[in-house]
Structure formats: structure tokens, C-alpha cells
Amino acid sequence: MSSARDGVSWGTMISGYVHNGFFARALDLFDAMRIANVKLNPVAVLGALKAAGEIPDLDRGEDVHNYSVRNGLIFDIEVNTALVIMYAKCGATEKAKAVFANIHEKDVVAWSAIISSFAQNGSPKQALLFLKEMQVQGVKPNRITLVSALPACAELSDIRLGKSIHCFMFKSDMILDGSVSPALIAMYCKCESFGLARAVFDRLNSKDVVAWNALINGYTQIDEPLEALQLFRQLRMTGKIPDCATFVAVLPAFALLSDLKEGASVHGMTIKYGFHSDLRVKNATLDLYAKCGDVQTSHKLFAERKACADIVSWNTMIAGYMHNGQVKQAMVIFHQMMFEYIKPNLVSLVSIIPAAACLVSLRDGFALHCYVVKSGFVSDVRIGNSLIDMYSKCGRLDCAQTFFDQMTQKDTTSWNSMLSGYSINGLNHKAISLFSQMENDAIEVDALTYLGVLSACRHGGLVAKGRETFDSMIHKKGLRPNVKHYACMVDLLGRAGQLDEAWRLIQKMPIDPDASVWGSLLGACRMHGNSKLGEMVLEQLARLAPNEGTLCGAL
DNA sequence: CTAGGGTTAG
């Protein structure tokens, strides 16, 4: 048997594995091929690179790269294109760029590859820069290039560029090709241009199931579950067969409606179609049960095939337990995950750090902070914000402060977390001076900022400051106070004996006062011995639905 | 060799 022929059959085997999703086996076979000293060929290399990108496994991808260099395959444009994709999928952005830069005659395929890789890799800006650069260099984009660029427009909410791509497609007759429409629909949905998404959909002559999915998903994304369900019904009436993505798009609609019964029956449909073993369908199902309050069923489905669980499954369970107030269980899942060497990602941490705060468990909080530092997420603003919140709820304002001070990037939530940290720990004047600092530094403030300041005023009995703050919230910033702001003000005024003013404030409320508002006033009536007003308030309280709010504080 | 829709958090 000639070694060349041998090499070809190895290559065919490798790409066969890749095609069927057996990426690890494909890579093992590639290693075996090297050990057996079989002559390499592009087919084997392409397969191995694809496998390394899909897993993703950067180390083995680099091995394949080095091996191709040594075997003189590195001038092959196909191999280079596959290298770019592999590096991008493994998150090695700079390497992907470097390989791409070394391609001498970049063809439209190579350009499309780097654009789609970066668009999918959380680097939408970079993807669009490549699109621009490509045009500068005089390479004409084809429909695949443009379809690849659309998700980048979507992620950046750059509807202007999205529209001009749409326009260009229209002029180049690409629009007749139905395969560009789902990308357009998704892009318009994500840019909150539902009319345009709908128009693209409605004008399609033959509506591919992918186009339906894009629109259904758009509706669930904007919290319009009923519209999503109606489309789902329409799709089924056309006789088209829904696919996995249809269910991934429609299951969250039942979660939004908290409709356990209908949701479960759609879960049944996924079983009927045989889609229930698809990981994304399964994860959407876990989320469905958890959001409908039946986290036990989520856990049952999760535990049944835990070996198949991916990071999203674990995160869904953590979030599911948190959503149902089973904070300890969320922590158990997180520890199990660590125990099984599943690496928590950003979403895992954003979900679990509040659990430490909730349990007032400084031990967990410190451990999580450590992990955050070790895993390189420490510069993420959302993680930082939850750490500040955790430390202040655990009574370690010093740690919260230190963390806040060294944050290089802060957003409004960071300031709000610090501010409410001061407030809940009784450092009312610090809270108020932080608020002044926000105003001086022109940091955007929101309703939560004001709630923090008002609570500080309440705890400190700072009536004048509270009035002034409440007033500036409405008249200076044009923000609408919610029921919590009112409850805070009523409590502040009431405790200070300004019962009439508190009463007038309630009467002027543009929204219905709830039990916490009335409860604050009632407490004040008792405190100041105003039984006449107190009786009136009791009457109001009695009118509220019995399950509304808790009155323990006031009664 | 490049592609469209799709799960977790905020």
C-alpha cells in the first residue's frame, strides 16, 4: 500500500468523524496518523483543525498548526483559512489575526471566514473592520460574506450598517436567495426594528423553517410570548416540520408566561420529534421548568443525563434554583460543578455570587472572589458589581470599598451597589456624599441610585435631604418614582412626625400604593399616637388583596 | 475551505 493512498484514507476517516460530531476521536486519529508517520494531506489537516475549533482545544489546534508547518502545508490557502477559524473559535483572537495577515492572496472565502469567526466570537467590531478592509483591498463580498457580517451588526445594534447591507443584497439580487433572510430577520429583531423584520418575513415567497425560527425567537426576545406562540401555531398549520431551533425559540415563551401546563406539552412534542436529546433543546427545557416554578423537574431532567450536560445546563440549574429562592441548592450545584472539573464561566459567576450575598456567607464570598481573580473575570464590570454587593451584604464594607476603588471601569450599577452598601450598613452620610460625587463626576444616575439615597435619608432621619432628593429625582432628572421610592418617603416623613405630608404624598401618588406604603404610614401613626389617621390607613390596608406584601414590620 | 435561525445572566 502506498503511503500517499494511506494518508488519503486517514484523512477521509478524520473528516468522517468531524462530520458526525466526533471531534475528540478525529483528533486522536490525527495523532495516531502522525505517530504512524503517514504522509500528511490537506484533508486530514482540515478535519483536525475543524475538530480542534469545535471542541475547542487550543493546545491540540496549535499542534496541528505546527505539524502542518513542518510538513509544508502552510502555503495552502484552505489550510490557512481553517487555521484562522480554529484560532478564532478557541478564543485566540490575536493568533487568528496573525495567520490571516500572512495569507498572501486573500480570497473571498478567507475574508468571509475571518468575518464570520469574529462576528461569532464576541468581536463584532473587529468583524466589521475586516469587512471594510476587504472592500478597501478590492475584494468583492458575496452573499456568504454579508450574511456573516449581519450578526455583527445585530450585536452592535448597528441598524444603519445592517440596512445598507440589506440594500446591497437587494441590488445584487441576493435577496431572492431565501437563505439570506433569516440573518436579516434576526438582525432587525435585535435592532428592535420589528416592522422591518416582519416585512422581510412577509415578502418571502417560500418561507424556510429557519426564517420562522428567526421571527419566533425575535418575539420571545422582546417578551412577546403570545405573538411567538401564534407564529408557532401558524408554522405548524403550514405543515412544515419544526426543527430543534424552533423549540429552542418557542420554549422560552412558555417560561415567560409561566405556563407550566402548555410548556410541558411542548416538551412532550420535542420528545415526539426526537429533539429532546439536542443539548440546546434540553437546556431550554430545563429553563422552562425552572422559570415555571418547577425546579424539581428541571433537576430530574438534568440529573438523568448529567454526563451530557454542558456549561449552559449547569448555569441554567444554578439560575433556576436562584429564581426559585432555593439559594442553598444553587450553591450545591455550583460546588458539584467545581467538583466535576466543569469550569464556571462568566454567567456561572454572575449567577452564583448573589447566592453568597443572600446566604450572608463570607466564606463562599471570599472563595468566589478568589475564583474570579484566578479565572481572569475580575475586570468584568458585572462581576465586580456583584462582588461589591456581596461584600456589603456580608457586612464587609471595607472589602466592598477596596474593590470599588480599584475598579478601572465603573458603570451606574457599580456606583449604585456601593451607595446602597453604605445605606444598608448605616453609613448614611457616606451614601449621600457618594451621590454628590456621582453628580459632580457626571455619572449617569437612575431610579436605583435614588432609592439608595432615599434609604440612607430614611435610616438617618434626614428629612430635608430626603425631600430635596425626591424632588430632584422627579423634576431635575425626570425619573418616575416607583412604589419603593414612595414607601421610603412615607416612612421618612412619618417617622419625623410629618403625618399630614406623608398622607398627602400618598394621595398624590400616580400609582397604587401597596402594603409597604400603607404599612409605613400605619407604623408612623402608632409611633406618634395618631389613631384617627391610623384607622383610615387600616381600612385601606384591609382593602388590599390579602396576599399583598407583608405587614410584619408595621403591625 | 467561508454562511442563515437557537439555550444560561444582565
Side-chain angles (χ1 to χ4, degrees), chain A residues 15 42-43 45-47 49-50 76-86 88 103 106-117 119-120 141-151 154 169 174 177-187 189-190 197 200-201 207-218 220-221 242-252 255 275 278-288 290-291 298 302 309-320 322-323 344-354 380-383 385-386 411 413:
Chain A
S15 52
V43 177
V45 172
L46 291 175
L49 287 175
K50 179 133 201 243
D76 186 318
I77 189 162
E78 292 181 25
V79 170
N80 276 294
T81 304
L83 278 168
V84 170
I85 297 168
M86 182 276 292
I103 302 178
K106 301 178 180 66
D107 61 1
V108 64
V109 175
W111 282 105
S112 304
I114 198 155
I115 291 168
S116 73
S117 306
Q120 288 166 19
N142 63 16
R143 71 175 202 288
I144 294 177
T145 321
L146 299 175
V147 162
S148 308
L150 284 173
M169 286 172 154
M174 291 177 190
D177 184 321
S179 70
V180 304
S181 313
L184 284 171
I185 293 169
M187 182 275 294
C189 287
K190 287 182 185 139
V200 172
F201 181 78
K207 294 176 173 60
D208 185 325
V209 78
V210 182
W212 284 89
N213 295 347
L215 199 60
I216 293 175
N217 187 54
T220 50
Q221 291 299 314
D243 67 5
C244 290
T246 316
F247 288 100
V248 173
V250 84
L251 284 167
F275 295 152
D278 178 278
L279 201 49
R280 282 172 158 154
V281 170
K282 197 154 46 176
N283 291 339
T285 309
L286 297 182
D287 193 49
L288 164 82
K291 293 248 170 80
S298 302
F302 171 76
D310 70 350
I311 183 76
V312 177
S313 324
W314 287 90
N315 292 347
T316 305
M317 284 317 301
I318 293 173
M322 290 301 286
H323 182 86
N345 66 10
L346 189 116
V347 177
S348 328
L349 295 164
V350 168
S351 309
I352 199 66
I353 294 171
D380 185 273
V381 190
R382 291 160 295 181
I383 297 261
N385 297 345
S386 59
D411 63 7
T413 310

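In what follows, chains are A, B, ... by sequence order, proteins preceding strands, each numbered from 1.
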Which part of the nucleic acid does [X] contact within heavy-atom distance under 4.0 Å: base, sugar-phosphate only, or nothing?
{"X": "A/Val347", "result": "base"}
{"X": "A/Ser116", "result": "sugar-phosphate"}
{"X": "A/Asp208", "result": "base"}
{"X": "A/Asp278", "result": "base"}
{"X": "A/Ala249", "result": "nothing"}
{"X": "A/Ser112", "result": "base"}
{"X": "A/Ser148", "result": "sugar-phosphate"}
{"X": "A/Lys291", "result": "sugar-phosphate"}
{"X": "A/Lys207", "result": "nothing"}
{"X": "A/Ala82", "result": "nothing"}
{"X": "A/Ala245", "result": "base"}

Can you confirm whether the side chains of A/Asp287 and A/Thr316 place a donor and an acceptor under 3.5 Å from each other?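 Not at all, the side chains of A/Asp287 and A/Thr316 share no donor-acceptor pair under 3.5 Å.
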
Using a distance-only test with no angle check, is there a side-chain donor-acceptor pair under 3.5 angstrom linking A/Asn315 and A/Asn283?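 Side-chain D/A pair, A/Asn315 to A/Asn283: absent.
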
Hey, where on DNA chain B does chain A first and last touch, going 5' to 3'? Cut-off is any atom under 4.0 Å from a heavy atom.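 First-to-last contact on DNA chain B, by the 4.0 Å heavy-atom rule, is B/dC1 to B/dG10.
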
Salt bridge (charged side-chain N to carboxylate O under 4.0 Å, His left out) involving [X] - partner list, sequence neighbours excluded:
{"X": "A/Lys282", "answer": "none"}
{"X": "A/Arg280", "answer": "none"}
{"X": "A/Asp380", "answer": "A/Arg382"}

For A/Phe275, check ring-ring contact (aromatic ring centres under 6.0 Å, His included) against everything at least two apart and list the hits.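 With sequence neighbours excluded, A/Phe275 shows a ring-ring contact (aromatic ring centres under 6.0 Å, His included) to A/Phe247, A/Tyr273, given in chain and number order.
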
For A/Ala249, which residues count as a side chain to side chain contact (heavy atoms under 4.5 Å, CB included) partner, sequence neighbours excluded?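 Result, side chain to side chain contact (heavy atoms under 4.5 Å, CB included) vs A/Ala249: A/Ile216, A/Asn217.
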
